[in-house]
Asks: 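Take a look at this one; I'll ask things after.
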Amino acid sequence: MGEPLFYGSVHLLFYRQEEVLLLKRKNTGFMDGWWSVVAGRIDGNEEVVSAAIREAREEAGITIEPSQLRVVGVMHRKNTSSEWVDFYLLVDSWSGTITNAEPHKCEELRWFHIKELPDNIIPYIKKAIERNHEHMWFESHGW
């Protein structure tokens, strides 16, 4: 029996009317050229909401208060060599203008209609976007 190795990440779900904010990954070594959401690994000694606030600032250049976030889903995801516990947070509101604050890792930030998502969206991100966020959800992916 192998020792489990879990990583944690946060994924921020920004919606406006019928659109969702996506970013196109580049120079990261993982799914470059594919669309995702503002996201990142939880640093050591960091709480989920704090990690989401940090990632929003680092990647989209905006400020989010803890009260403006809700955890709406959890995904247990398996990659080739690692396991992840992903937390999906719905962003109710924010301060500032969304901008590509990491152009070295993000080719583009763009709003997409939720019924017209790009073909090259990361599959587990697409699953999360399509979930009902009125109630907490759980999903396994890659098993």
Asks: Taking all heavy atoms of Cys106 and all of Lys26, pick out the closest pair and write down the distance.
Replies: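 Of all heavy-atom pairs spanning Cys106 and Lys26, the closest is N-CG, 3.8 Å.
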
Asks: So, for Ala101 and Gly61, which heavy atoms are closest and what is the spacing to 0.1 Å?
Replies: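 Taking every non-hydrogen atom into account, CB-N, 3.8 Å.
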
Asks: Taking Trp34's backbone N and O only, do any of them form a donor-acceptor pair with Asn120's side chain (distance below 3.5 Å, no angle check)?
Replies: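 Not at all, since once roles are kept as given, no pair shorter than 3.5 Å links the two residues.
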
Asks: Any side-chain heavy-atom pair from Leu22 and Pro118 closer than 4.5 angstrom?
Replies: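 Yes, their side chains come closer than 4.5 Å.
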
Asks: Could you grab the distance from atom OG1 of Thr63 to atom CZ of Arg57, nearest 0.5 Å is fine?
Replies: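 Output value for this atom pair is 7.5 Å.
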
Asks: Just by distance, do the side chain of Asn79 and the backbone of Ser81 share a donor-acceptor pair under 3.5 Å?
Replies: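 Answer holds: no.
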
Asks: Which heavy-atom pair separates Glu59 from Leu109 by the least distance, and what is that distance?
Replies: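 So the minimum-distance heavy-atom pair works out to O-CD1, 4.3 Å.
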
Asks: Over all heavy atoms of both residues, which pair between Ala56 and Ile64 is shortest? Give the atoms and the distance, please.
Replies: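 Scanning both residues, the minimum pair turns out to be CB-CD1, 3.5 Å.
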
Asks: Quick check on the hydrophobic clustering: are Val37 and Leu69 connected, directly or via other members, by side-chain heavy-atom contacts under 4.5 Å?
Replies: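 Each belongs to a different hydrophobic cluster.
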
Asks: Could you name each residue pair satisfying salt bridge (Lys or Arg N to Asp or Glu O under 4.0 Å) that touches residues 40-53, not counting sequence neighbours?
Replies: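 Listed by first then second residue: Asp43-Arg54, Glu46-Arg54.
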
Asks: Distance check, rounded to the nearest 0.5 Å: Glu134 atom CD versus Leu90 atom CG?
Replies: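 Glu134 atom CD to Leu90 atom CG measures 10.5 Å (nearest 0.5 Å).
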
Asks: Between OG of Ser95 and CD1 of Ile62, what distance do you get to the nearest 0.5 Å?
Replies: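 With rounding to 0.5 Å, OG (Ser95) is 8.5 Å from CD1 (Ile62).
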
Asks: Using modelled atom types only, decide if a donor and an acceptor are shared between the side chain of Glu55 and the backbone of Ala52 within a distance under 3.5 Å.
Replies: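 No; zero donor-acceptor contacts below 3.5 Å.
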
Asks: May I ask whether Trp94 and Val20 are part of the same hydrophobic cluster, defined by side-chain heavy atoms of I, L, V, M, F, W, Y residues being less than 4.5 angstrom apart, directly or through others?
Replies: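 Cluster IDs for Trp94 and Val20 differ.
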
Asks: With a 6.0 Å cut-off (strictly less than), is the heavy-atom count around NZ of Lys105, excluding the residue itself, greater than 12?
Replies: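 Counting other residues, nucleotides and ligands, NZ of Lys105 stays at 12 neighbours or fewer.
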
Asks: Can Tyr7 be reached from Met75 by stepping across I, L, V, M, F, W or Y side chains whose heavy atoms are under 4.5 Å apart?
Replies: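 Different clusters: Met75 never reaches Tyr7 through Ile, Leu, Val, Met, Phe, Trp or Tyr contacts under 4.5 Å.
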
Asks: Would a single hydrophobic cluster contain both Val85 and Val49, if residues Ile, Leu, Val, Met, Phe, Trp and Tyr are joined by side-chain heavy-atom contacts under 4.5 Å?
Replies: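 Both belong to a single hydrophobic cluster.
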
Asks: Which heavy atom of Ile121 sits nearest to which heavy atom of Leu117, and what is that distance?
Replies: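 Heavy atoms of Ile121 and Leu117 come nearest at CD1-CD1, 4.2 Å.
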
Asks: Is the backbone N or O of Phe30 less than 3.5 Å from a side-chain atom of Thr28, with the two atoms forming a donor-acceptor pair by type?
Replies: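 Yes: the side chain of Thr28 pairs with the backbone of Phe30.
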
Asks: As a test of understanding, state which of Leu13, Val74, Val71 forms a side chain to side chain contact (heavy atoms under 4.5 Å, CB included) with Tyr88.
Replies: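 One option only clears the test, and that one is Leu13.
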
Asks: Give a yes-or-no answer on whether the side chains of Ser82 and Trp84 include a donor-acceptor pair shorter than 3.5 Å.
Replies: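 Distance-only check passes for Ser82 and Trp84.
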
Asks: I need the minimum non-hydrogen distance between Val10 and Val48, along with the two atoms involved.
Replies: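 Here Val10 and Val48 meet closest at CG1-O, 3.6 Å.
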
Asks: First locate atom CD1 of Ile42, then atom CZ of Phe6, and finally report the distance between them rounded to the nearest 0.5 Å.
Replies: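 Rounded to the nearest 0.5 Å, the CD1-CZ separation comes to 13.0 Å.
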
Asks: So that I can tick it off, tell me whether Glu107 and Lys24 are bridged by a salt bridge, with the cut-off set at under 4.0 angstrom between side-chain N and carboxylate O.
Replies: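 Judged by the 4.0 Å cut-off on N to carboxylate O distance, Lys24 and Glu107 do form a salt bridge.
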
Asks: Salt bridge or not between Arg77 and Asp86? Use side-chain N to carboxylate O under 4.0 Å.
Replies: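 Looking at Arg77 and Asp86, the cut-off is met.
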
Asks: Which atom pairs, one a donor and one an acceptor, fall under 3.5 Å between side chains of residues 136-143 and the rest of the protein, sequence neighbours left out?
Replies:
| unit_1 | atom_1 | unit_2 | atom_2 | d |
| --- | --- | --- | --- | --- |
| Trp137 | NE1 | Val72 | O | 3.2 |
| Trp137 | NE1 | His133 | ND1 | 3.2 |
| Glu139 | OE1 | Arg131 | NH1 | 2.7 |
| Glu139 | OE2 | Lys127 | NZ | 3.2 |
| His141 | ND1 | Lys127 | NZ | 3.4 |
| Trp143 | NE1 | His76 | O | 3.3 |

Asks: Suppose the criterion is salt bridge (Lys or Arg N to Asp or Glu O under 4.0 Å): which pairs have a residue in residues 88-99, not counting sequence neighbours?
Replies: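 Counting only pairs at least two positions apart or across chains, the salt bridge (Lys or Arg N to Asp or Glu O under 4.0 Å) contacts touching residues 88-99 are Arg70-Asp92.
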
Asks: Could you tell me if the side chain of Trp35 sits less than 4.5 Å from the side chain of Lys126, heavy atoms only?
Replies: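 SC-SC contact between Lys126 and Trp35 ruled out.
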
Asks: Go through the steps to decide whether Trp111 and Phe14 satisfy the test ring-ring contact (aromatic ring centres under 6.0 Å, His included), and finish with yes or no.
Replies: CA-CA 9 Å; Trp111 293 95; Phe14 291 85; 7.0 Å; no

Asks: Which distance, rounded to the nearest 0.5 Å, do you find between the OG of Ser93 and the CD of Gln68?
Replies: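 Output value for this atom pair is 3.5 Å.
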
Asks: Does Ile122 share a hydrophobic cluster with Tyr15, counting links as ILVMFWY side-chain heavy atoms below 4.5 Å and allowing steps through other members?
Replies: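 The answer is yes; both residues are in one hydrophobic cluster.
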
